[in-house]
Colleague: 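Shown below is the structure under consideration.
Only this structure's heavy atoms are used, side chains among them; waters, hydrogens and symmetry mates stay out.
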Protein chains: 2
Amino acid sequence: MKEQAFPPEDPVAGLTVFLVDDDEAIRNSLSRALQKRDYRVETFASAADFLISFDGKTPGCLILDYGMPGMNGLELQTYLTSAGHDLPIIFITGHGGVPESVQAIKAGALDFLEKPFRQSVLIERIETAFALVADHQAARAGSERLRAKFDRLTSREIEIVRHMVSNPSETSSKEVGARLGISPRTVDHHRARILEKLQIRSVAELISMAQHFLARD
Amino acid sequence: MKEQAFPPEDPVAGLTVFLVDDDEAIRNSLSRALQKRDYRVETFASAADFLISFDGKTPGCLILDYGMPGMNGLELQTYLTSAGHDLPIIFITGHGGVPESVQAIKAGALDFLEKPFRQSVLIERIETAFALVADHQAARAGSERLRAKFDRLTSREIEIVRHMVSNPSETSSKEVGARLGISPRTVDHHRARILEKLQIRSVAELISMAQHFLARD
DNA sequence: GGTTACCTAGGCAGAACTGCCTATAAGTTG
DNA sequence: CAACTTATAGGCAGTTCTGCCTAGGTAACC
């Protein structure tokens with residue numbers, strides 16, 4: 001393992017390190033150190049400042065001071081989580097203790113570092129976070145493509161898909177037709193349209209691709 | 001089962017609290033307090049003692065001292081995890097710090113309590129752990145039933161199931177037969193046996209129930 | 001040596017699926 | 001109003017599935 005300043009795969013890759021800390025000295029020294037390693041860094045003096053600027057879409061990770069006046073790190077984490085963002089969070093803290101760290105990690109934080117910490121450790125965690133983000137993006141891209149196809153289906157077609165996915169033992173036209181009160185022939189017609197729109201060739205394939213995000217209800 | 005001073009929802013329900021701590025005073029006071037609340041408690045003075053007695057099947061949770069001579073709490077946790085046990089672990093510690101707690105929680109510990117702690121907090125965590133175990137048992141029971149059915153399939157039948165699950169676009173007898181180098185008619189025969197053994201009626205149902213634990217390879 | 005299990009494979013008939021066509025009615029949109 | 005979409009439904013031919021039957025070869029087990 002050769003640890004270098006410039007890993008072969010560009011570590012930045014469009015990802016941003018958001019740094020939120022009320023201590024200006026820390027902001028300055030950390031952001032300088034990170035920028036020297038070619039990380040794109042944005043700094044904020046408070047959780048509120050961050051929330052004002054953050055668009056929820058920019059991929060990256062959040063280095064977050066736990067103890068800050070106003071909205072503290074935990075509150076920001078809770079808010080971001082409930083808002084559905086998946087920005088990985090690395091806490092840094094001057095006075096946080098065991099209970100705080102436990103709560104933060106349980107809530108999904110990637111790590112909880114006590115100041116002072118070695119920059120190498122922070123860098124390592126940032127890389128972990130970025131790898132995580134890359135995974136999420138890949139997974140999301142896949143499900144977005146799928147979602148786009150499903151969005152082409154009409155409500156009746158979706159109804160039929162739902163029925164087949166949640167009742168895979170009753171997928172024949174006769175059974176589905178009976179359940180929906182329509183002719184089996186009409187179900188044939190809908191099924192053909194569904195397979196055509198989703199670009200698949202069999203009901204088996206439909207079950208396979210649909211049950212992931214139609215599992216609910 | 002004798003009638004005792006059980007709370008409305010029996011908190012014990014056959015689950016055991018395993019208590020591992022090298023401090024005898026703690027073992028005694030904690031086990032007494034838990035037994036007074038009708039918990040079934042087993043105490044151990046070391047990780048080694050626990051491992052000798054633990055059969056890996058008794059459901060319950062583990063209250064584990066982090067800093068012990070010999071094998072410490074983290075090592076025991078790592079061992080149990082790698083051995084495939086899902087015993088929830090609640091760490092208690094006299095001297096552990098933030099890094100230790102972070103590592104423990106990341107590794108899946110339910111909580112990390114600093115001594116001294118209030119018994120009410122511990123009780124609460126134990127209840128959380130027991131609820132978790134109950135969930136796991138329910139989930140396991142379901143997948144065990146499924147596994148039992150799949151175990152009745154012959155190797156050739158499993159091969160066909162795997163092919164259909166991982167290639168849901170090629171589930172017709174003709175395609176599967178071509179892929180396996182056998183007659184479509186033979187695939188028909190296997191398919192019928194498969195559906196019969198799994199007590200299902202369609203390939204769609206097969207895909208639906210098989211892709212959960214045949215997803216790999 | 002007989003029994004059992006498994007893999008192989010075919011015949012045949014009825015059911016279901018598939019792809020092509022048409023067609024009506026309702027609702028939306030330009 | 002015309003055009004379009006959606007849901008409905010049928011005809012027809014070819015393919016596939018399904019359930020019933022038979023049957024040969026191989027391997028394991030008693």
Side-chain angles (χ1 to χ4, degrees), chain A residues 145-211 213-214 217, chain B residues 145-211 213-214 217:
Chain A
R145 246 176 285 125
L146 221 54
R147 174 78 52 189
K149 287 183 180 177
F150 273 88
D151 283 346
R152 292 207 199 97
L153 300 182
T154 68
S155 61
R156 193 55 150 172
E157 286 161 357
I158 289 176
E159 191 178 357
I160 290 174
V161 172
R162 284 194 188 283
H163 184 270
M164 287 182 167
V165 170
S166 50
N167 297 70
S169 58
E170 302 173 12
T171 55
S172 77
S173 296
K174 185 187 282 187
E175 291 164 323
V176 176
R179 190 62 64 101
L180 299 183
I182 58 179
S183 156
R185 206 62 195 72
T186 303
V187 178
D188 282 345
H189 179 261
H190 285 310
R191 179 164 30 63
R193 282 273 153 284
I194 291 166
L195 298 190
E196 183 192 351
K197 285 181 179 176
L198 299 184
Q199 298 172 282
I200 55 182
R201 293 173 48 225
S202 68
V203 174
E205 206 169 354
L206 173 62
I207 301 285
S208 177
M209 76 186 281
Q211 74 176 195
F213 61 97
L214 288 185
D217 68 23
Chain B
R145 246 175 286 125
L146 221 55
R147 173 79 51 187
K149 287 183 181 178
F150 272 89
D151 283 347
R152 293 207 198 96
L153 300 183
T154 67
S155 60
R156 192 56 149 172
E157 285 161 357
I158 288 176
E159 191 178 359
I160 290 174
V161 171
R162 283 192 189 284
H163 183 270
M164 286 182 167
V165 170
S166 49
N167 297 72
S169 60
E170 301 174 12
T171 54
S172 78
S173 295
K174 186 188 282 187
E175 291 163 323
V176 176
R179 190 63 63 102
L180 299 183
I182 57 179
S183 155
R185 207 61 195 71
T186 302
V187 178
D188 283 346
H189 179 261
H190 285 310
R191 178 163 32 61
R193 282 273 154 282
I194 291 166
L195 298 190
E196 184 191 351
K197 286 182 179 176
L198 299 184
Q199 298 172 282
I200 55 181
R201 291 174 48 226
S202 68
V203 174
E205 207 169 351
L206 173 62
I207 301 285
S208 177
M209 75 185 282
Q211 73 177 197
F213 61 96
L214 288 184
D217 66 23

Colleague: Please report the distance, rounded to the nearest Å, between CD in Glu205(B) and P in dT18(D).
Modeller: 12 Å

Colleague: Under 4.0 Å, counting only non-hydrogen atoms across every strand here, what does Ser172(A) touch: a base, just sugar-phosphate, or nothing?
Modeller: sugar-phosphate

Colleague: How many whole angstroms separate atom CD1 of Ile160(A) from atom P of dA9(D)?
Modeller: 11 Å

Colleague: Measure CG/Asp188(A) against C1'/dA7(D) and give the value in whole Å, please.
Modeller: 14 Å

Colleague: Determine the contact category for Arg156(B): base if any of its heavy atoms lies under 4.0 Å from a base atom, sugar-phosphate if only primed atoms, P, OP1 or OP2 are that close, otherwise nothing.
Modeller: sugar-phosphate

Colleague: Considering only side-chain heavy atoms of Arg185(B), which listed nucleotide, dT8(D), dC20(C), dG10(C), is closest?
Modeller: dG10(C)

Colleague: For DNA chain D, whose closest nucleotide is more 5', that of Glu157(A) or that of Arg201(B)?
Modeller: Glu157(A)

Colleague: Give the nucleotide from the list dT16(D), dC6(C), dT18(C) with an atom nearest to the side chain of Arg191(A).
Modeller: dT18(C)

Colleague: Whole Å only: how far is the CG atom of Asp151(A) from the C1' atom of dT5(D)?
Modeller: 17 Å

Colleague: Hey, does the side chain of His190(B) come within less than 4.0 Å of dC6(C)'s phosphate (OP1/OP2), counting only N and O?
Modeller: no

Colleague: Does Ser183(B) reach a base, just sugar-phosphate, or nothing at all? Heavy atoms under 4.0 Å.
Modeller: sugar-phosphate

Colleague: Between P on dT8(D) and CD1 on Ile182(A), what's the gap in Å once rounded to a whole number?
Modeller: 4 Å

Colleague: Whole Å only: how far is the CD1 atom of Ile158(B) from the P atom of dA5(C)?
Modeller: 18 Å

Colleague: Distance from Leu195(A) atom CG to His190(A) atom NE2, nearest 0.5 Å?
Modeller: 13.0 Å

Colleague: Can you tell me how far CG of Leu198(B) sits from CZ of Arg152(B), rounded to the nearest 0.5 angstrom?
Modeller: 9.0 Å

Colleague: Hey, does the side chain of Ser155(A) come within less than 4.0 Å of dA7(D)'s phosphate (OP1/OP2), counting only N and O?
Modeller: yes

Colleague: Assuming nearest nucleotide by heavy-atom distance, tell me which of His189(B) and Ala192(B) is located more 5' along DNA chain D.
Modeller: Ala192(B)

Colleague: Look at the side-chain N and O atoms of Thr154(B) and state whether any lies under 4.0 Å from the OP1 or OP2 oxygen of dA5(C).
Modeller: no

Colleague: Report the C-alpha separation of Arg185(B) and Ser173(B) in whole Å, then their side-chain angles, then the decisive distance to 0.1 Å, and conclude whether the side-chain contact (heavy atoms from CB on, under 4.5 Å) test is met.
Modeller: CA-CA 7 Å; Arg185(B) 207 61 195 71; Ser173(B) 295; over 6 Å; no

Colleague: Among dT16(D), dC7(C), dA7(D), which nucleotide sits nearest the side chain of Lys174(B)?
Modeller: dT16(D)

Colleague: Looking at dG10(C), I'd like to know if its phosphate oxygens (OP1 or OP2) sit under 4.0 Å from a side-chain N or O belonging to Thr186(B).
Modeller: no

Colleague: Starting at CZ of Arg193(B) and ending at P of dC21(D), how long is that distance when rounded to a whole Å?
Modeller: 11 Å

Colleague: Nearest 0.5 Å, what's the OG-CD distance between Ser202(A) and Glu175(B)?
Modeller: 8.5 Å

Colleague: Would you mind reading off the distance between Ile194(A) atom CD1 and dT18(C) atom P, rounded to a whole angstrom?
Modeller: 11 Å

Colleague: Using the salt bridge (charged side-chain N to carboxylate O under 4.0 Å, His left out) rule, pick out the option among Lys197(B), Arg162(B), Arg193(B) that qualifies with Glu157(B).
Modeller: Lys197(B)

